[in-house]
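Right, one structure below, let's go through it.
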Number of protein chains: 2
Amino acid sequence: MLSFTEENYLKAIFKISEKEKKSASTNSLARHLDTTPASVTDMLKRLAEKEMIHYERYKGVTLTAEGNRIATSLIRRHRLWEVFLVEKLRFDWEHVHDLAEELEHIYSEELISRLDAFLNYPKFDPHGDSIPNAEGKFTIRNQMPLSDLMTGQSCQVLGVKEHSNAFLRYLNQIKVKPGTQIKIEERIEFDASLRVLIDQKERSTISDSVAQSLLVKRI
Amino acid sequence: MLSFTEENYLKAIFKISEKEKKSASTNSLARHLDTTPASVTDMLKRLAEKEMIHYERYKGVTLTAEGNRIATSLIRRHRLWEVFLVEKLRFDWEHVHDLAEELEHIYSEELISRLDAFLNYPKFDPHGDSIPNAEGKFTIRNQMPLSDLMTGQSCQVLGVKEHSNAFLRYLNQIKVKPGTQIKIEERIEFDASLRVLIDQKERSTISDSVAQSLLVKRI
DNA sequence: AAATAAATTTAAACTAATCTAAATTTTTTG
DNA sequence: CAAAAAATTTAGATTAGTTTAAATTTATTT
């Protein structure tokens with residue numbers, strides 16, 4: 001049985017490896033977990049001891065099969081709880097991350113499979129991230145950043161690439177969330193910002209940086 | 001902010017004081033928390049330091065107003081989660097205690113008030129225990145042990161006094177839970193056991209010890 | 001390829017929570 | 001009320017997780 005802290009390390013290693021497509025470095029882990037590189041080194045030794053990671057001094061870490069299984073399970077639990085908090089308890093999506101961060105550590109197969117059933121086996125969380133199934137398999141779907149679309153095209157929002165509260169609050173403001181329809185009416189050459197029509201009602205101008213962080217499918 | 005462990009001590013002090021109607025002793029806490037008296041003494045000093053308890057060496061402890069507030073809040077959270085687990089996730093009542101024991105430590109006013117609303121502001125948990133409201137007030141109701149009833153009388157089960165898994169599983173077997181109707185058809189003089197009619201369908205004999213642990217109201 | 005910078009690890013120390021064993025205080029009992 | 005028993009506390013050690021500062025290794029630059 002792993003501690004709360006050990007579990008968080010595994011999840012961080014998973015996320016960093018996924019994003020940067022290589023082994024996670026001590027420094028990146030320290031940044032991610034808001035701790036010092038010395039503490040990270042200490043913990044990596046412990047996790048290697050428990051055969052959760054492949055670790056070689058100065059070389060960074062990757063997860064073992066078992067480490068990967070646990071990290072995936074944590075992500076499954078996290079995302080299922082986020083669905084619960086948003087759909088059942090009516091939380092705004094920018095408020096659910098921290099709570100799910102705690103709920104995910106409660107270990108019980110039974111709890112999670114019942115929660116999954118109660119929520120009707122969702123495949124994606126409120127941010128559009130894929131929820132791995134009980135076997136650890138992620139559902140993949142076609143999606144692209146809004147910034148890749150041509151002028152005149154329409155799309156449906158699937159999710160976000162960026163999870164900061166500031167970004168999520170901004171999307172609330174302009175009434176954009178998974179499911180929202182967006183039509184690109186004009187692309188400003190100067191800064192690549194977009195004039196868009198949201199849900200056939202509201203007009204808005206969004207920056208290129210926002211458009212790159214919005215994941216959509218063409219319709 | 002209190003640690004997980006400190007919170008469990010406050011809850012244990014609350015429960016022991018409630019049951020024995022006096023200050024909680026070091027030994028009773030050690031038994032309750034499955035630890036050693038030495039560890040308890042250590043922790044009591046820390047909790048006294050934080051002004052959560054009134055503590056005098058060799059004299060036992062009681063909660064301060066603040067300690068009482070926190071313990072009550074924990075009990076509120078525990079019982080609300082139990083309602084969620086039984087009513088929404090369809091767990092059997094003997095399986096929810098341990099999970100609620102973990103869920104209760106997630107601190108968020110918002111989470112609990114939304115959960116409360118989602119569950120429709122329940123006043124009692126699946127075992128029939130009163131759920132304190134947001135102000136810490138417990139709902140009191142008239143209830144008596146089944147063993148106090150006369151032959152021929154009928155009643156409705158409100159809850160249980162004893163929470164062991166063995167007892168709860170036995171009640172499942174004879175199809176008794178809060179809401180169930182019981183009519184006493186005969187009292188055996190020899191051992192005070194009762195011949196009862198359950199929900200006007202099934203007949204059963206229950207021991208005096210079981211009858212003393214079932215809380216009911218006459219109908 | 002040496003010098004410098006950046007990343008990482010080691011060493012030593014700290015805190016919270018725990019334990020065992022010994023010492024002390026309180027309670028019970030003959 | 002003194003002796004014995006029970007309850008409680010103290011002392012000293014242990015473990016997980018952390019920190020800072022110094023030392024080491026790897027990467028980058030001239």
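Just so you know, these numbers come straight off a predicted model, no measurement behind them. Every chain is numbered from 1, with letters handed out A, B, ... down the list of sequences.
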Check: Using a heavy-atom distance cut-off of less than 4.0 Å, which residues of residues 30-44 of chain A contact DNA chain C?
Finding: A:P37, A:A38, A:T41
Check: What residues in residues 49-64 of chain A put a non-hydrogen atom under 4.0 Å from any atom of DNA chain C?
Finding: A:Y55, A:R57, A:Y58
Check: Please, which pairs that meet salt bridge (charged side-chain N to carboxylate O under 4.0 Å, His left out) have at least one residue in residues 81-93 of chain A, sequence neighbours excluded?
Finding: none
Item checked: Residue pairs passing the salt bridge (charged side-chain N to carboxylate O under 4.0 Å, His left out) test where at least one lies in residues 104-132 of chain A, sequence neighbours excluded -> A:K11-A:E104, A:R76-A:D116, A:R79-A:D125, A:E110-A:R114
Residues that [X] engages under ring-ring contact (aromatic ring centres under 6.0 Å, His included), provided they are two or more places apart:
X      : answer
B:H97  : B:H78
A:H105 : A:F4
B:F84  : A:F84, B:W81

Margin query: It should be established whether B:N27 places a side-chain nitrogen or oxygen under 4.0 Å from OP1 or OP2 of nucleotide D:dA6.
Written below: no
Margin query: Is B:T5 close enough to C:dA16 that one of its side-chain N or O atoms is under 4.0 Å from OP1 or OP2 there?
Written below: no
Result block: side-chain N/O donor-acceptor pairs under 3.5 angstrom for residues 54-61 of chain A, not counting sequence neighbours:
none

Round to the nearest Å and state the distance from [X] atom [atom1] to [N] atom [atom2].
X     : N      : atom1 : atom2 : answer
A:Y9  : D:dA16 : OH    : P     : 15 Å
B:L47 : C:dA16 : CG    : P     : 12 Å
A:L29 : C:dA7  : CG    : P     : 14 Å
B:E7  : C:dA16 : CD    : P     : 16 Å

Margin query: As a check on the pairing definition, encode DNA chain D in dot-bracket form, counting Watson-Crick and G-U wobble pairs whose two distances are under 3.5 Å, and using | for partners outside this strand.
Written below: ||||||||||||||||||||||||||||||
Show me the side-chain donor-acceptor pairs of residues 166-174 of chain A shorter than 3.5 Å, one per line, residues at least two apart or across chains.
residue	atom	partner	partner atom	Å
A:N172	OD1	A:W93	NE1	3.0
A:N172	ND2	A:E94	OE1	2.9
A:N172	ND2	A:E94	OE2	3.2

Distance alone, cut at 3.5 Å: any donor-acceptor contact between the side chains of [X] and [Y]?
X      : Y      : result
A:E162 : A:S164 : yes
B:N27  : B:S25  : no
B:R77  : B:S73  : yes

Note to self: So does B:D208 get a backbone contact from the side chain of B:S193, meaning a donor-acceptor N/O pair under 3.5 Å?
What the structure shows: no
Note to self: Donor-acceptor pair, distance only, cut-off 3.5 Å: does the side chain of B:T35 make one with the backbone of B:A30?
What the structure shows: no
Below 3.5 Å is the cut-off: list the nitrogen or oxygen pairs between protein and nucleotides 13-15 of chain D, distance only.
none

Checklist line | Residues forming a side-chain hydrogen bond (donor to acceptor under 3.5 Å, both in side chains) with B:E18, sequence neighbours excluded | finding: none
